[in-house]
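Each remark here refers to the structure printed beneath this line.
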Amino acid sequence: MSAGMEIGAAVGKTIFIVMFALSLGGLLTWVERKQSAVMQDRIGANRASILGFRVWGLFHIIADAVKMFTKEDFVPDTPHKFIHALAPVLSIFFALLSFAVIPFGSSIVIAGQSIGLQVADVNVGILFIFAMMSVAVYGVVLAGWSSNNNYSLLGGVRATAQMISYEITFGLTLVGVIMIFQTLSLQEIVRAQGGLLFGFLPMWGVFLQPLGFLLFMTAAIAETKRIPFDIPEGESEIIGFFLEYSSMKFGMFMFADFIEQILVASMVTTFFFGGWQVPYLGDGGFVFPWGSTIDMNTWLVESLRVISFVLKVSFFCWLQMLIRWTLPRFRFDQLMNLGWKILLPLSLANALVTAIIVLWIGR
Amino acid sequence: MGTVRVINVSERRRVLTFWERIYLPEVWRGLVLTARHFFVNLWRHTLRLFGVKSALPGAATYQYPEVRRPQSPRLRTLHRLAKRPDGTPRCVACMMCETVCPAFCIKIVAEEVDDPNIEKRPKSFDIDIGRCVFCGFCVEACPEDAIRMDTGITEIGALSREGMVLNIDTLLSLPPKSERGDKPVDFLQQQLVQ
Ligand code: SF4
Ligand code: SF4
């Protein structure tokens with residue numbers, strides 16, 4: 001492949017996935033309000049209008065952005081002004097960086113060159129995501145520490161405790177997935193999920209690792225620091241790490257939450273719901289288990305796959321919103337109990353049982 | 001006298017069943033409940049969007065400035081001073097309301113009238129709405145049925161504390177809700193926002 005084309009493809013893919021994450025993140029600020037409103041028999045934000053058009057409050061996204069940017073950027077009296085400004089950047093940067101290894105489609109052929117629809121097909125994709133998510137904790141911790149405020153610091157400490165506790169479960173549940181698909185590359189994992197179980201069931205991770213899915217989802221929601229695991233923030237009563245942030249710096253923390261939510265949705269999709277796979281859709285079109293086939297050209301197949309990925313991610317964003325607006329917050333001791341006494345042993349058992357079964361089948 | 005039943009808080013603590021302690025089934029039930037509300041309301045919103053007027057509303061809320069909640073006729077709203085048929089105030093400046101007001105927000109200055117049947121009338125009558133707690137005691141205390149809280153006005157605001165003090169002219173000019181109907185009052189601009 002020529003160097004120019006390679007660069008062009010890389011830039012194109014990067015723009016696609018970043019735009020996807022950012023625009024879906026922006027949309028989620030609206031979804032958050034509207035979905036909670038509809039769930040609670042309310043109407044929700046619907047007042048922002050341009051020339052009398054309200055379009056169900058969609059302009060609130062723009063109104064929010066304008067508001068955030070024009071508010072006073074208050075910086076507390078702290079010796080760590082630089083770190084204070086850096087923390088929200090870290091938060092959002094590493095969340096966005098993780099999208100580099102998420103495959104959003106199989107591959108397309110342009111001018112005889114096959115281009116994989118994934119920004120970076122690193123063969124340690126899973127480890128890369130873990131690394132990025134762990135570094136993202138620094139954003140939170142540094143925010144709490146550099147604010148020079150006891151409440152912020154305590155919020156940061158709570159965040160650290162929570163994220164470290166849940167990161168273990170987070171990683172251990174994926175051990176099962178790694179063992180089954182025998183690879184660390186996300187693209188390979190998604191490809192492996194294209195097969196069929198018993199001739200009719202798509203070989204998605206959720207059917208192979210049902211317990212793993214539940215554990216992963218729980219740990220992942222804890223990673224995003226949203227209700228019911230919003231101990232680090234607890235904005236209504238216990239005051240969190242972003243107490244001393246205002247204006248768009250605060251906005252970035254909030255936005256980082258939404259980006260992480262999309263990231264979690266993408267990961268759940270990739271690991272447990274077949275990524276870009278459409279059930280029964282092969283490279284040449286649909287092949288149904290009852291024998292009938294529908295032929296399609298590659299472009300159509302590829303578009304269907306990207307659409308399927310986007311739809312799955314949107315669904316899991318919706319599901320996370322539903323959970324966030326349904327469950328009450330855990331108390332800190334309950335949170336720790338859940339993490340260390342329930343999720344961790346369960347994920348260990350899950351890995352063990354998976355290992356035994358994989359060995360037994362492979363024998 | 002019946003016996004008073006004492007309930008200890010600790011007694012009311014219900015022992016959770018096994019499935020409740022597992023929490024997952026309860027999470028599921030909660031999610032089903034909220035998801036049902038979501039989809040039912042979304043469906044109703046969609047029907048109404050496409051003009052199906054018979055569909056139930058998808059929200060229990062009122063679109064406030066445009067649509068107002070019906071008020072109970074007993075609702076205590078902004079005060080007004082009633083007038084006699086000849087247009088003079090009914091109030092005889094007996095100071096009952098000023099005395100009973102728990103917030104001390106009524107200030108009356110009385111003056112004499114030549115009419116021997118009335119004898120007194122208010123020279124000035126100020127209510128500091130900023131301090132009023134809308135208890136309605138003044139209405140109950142009034143022997144002349146002169147002060148009433150039936151204007152139906154609940155949106156009261158001013159840009160200064162002085163603006164919240166209503167004088168006798170304003171109080172006499174306010175119509176009762178029954179006469180005003182649903183017509184909005186424009187006195188907010190004239191009187192309160194100073
Ligand atoms: S409603 Fe109560 S507080 Fe208000 S003026 Fe009357 S007596 Fe005073
Ligand atoms: S109680 Fe009635 S009559 Fe007496 S001063 Fe008050 S409003 Fe006037």
Residue A/Leu327 versus chain B: region with a heavy atom under 4.5 Å
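Just the side chain, heavy atoms under 4.5 Å.
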Can you tell me which portion of A/Ile342 sits under 4.5 Å from chain B's heavy atoms? Options are side chain, backbone, both or neither.
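Neither; nothing under 4.5 Å.
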Please work out whether the ring planes of B/Phe134 and B/His79 are parallel, tilted or perpendicular, with thresholds of 30° and 60°.
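Tilted.
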How are the rings of A/Phe316 and A/Phe273 set to each other: parallel, tilted or perpendicular (split at 30° and 60°)?
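Judged by the thresholds at 30° and 60°, the geometry between A/Phe316 and A/Phe273 is tilted.
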Portion of B/Leu24 that has a non-hydrogen atom of chain A nearer than 4.5 angstrom:
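Side chain only.
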Looking only at atom types and distance, does a side-chain atom of B/His37 sit under 3.5 Å from a main-chain N or O of A/Val38, one as donor and one as acceptor?
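Not at all, since once roles are kept as given, no pair shorter than 3.5 Å links the two residues.
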Looking at chain A, which one of B/Ala59, B/Pro57, B/Ala60 has the largest number of heavy-atom pairs inside 4.5 Å, strictly under?
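Top option by heavy-atom pairs under 4.5 Å: B/Ala59.
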Any donor-acceptor N or O pair under 3.5 Å, side chains B/Thr170, B/Asn167
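A pair is found: one side chain offers a donor N or O, the other an acceptor, under 3.5 Å apart.
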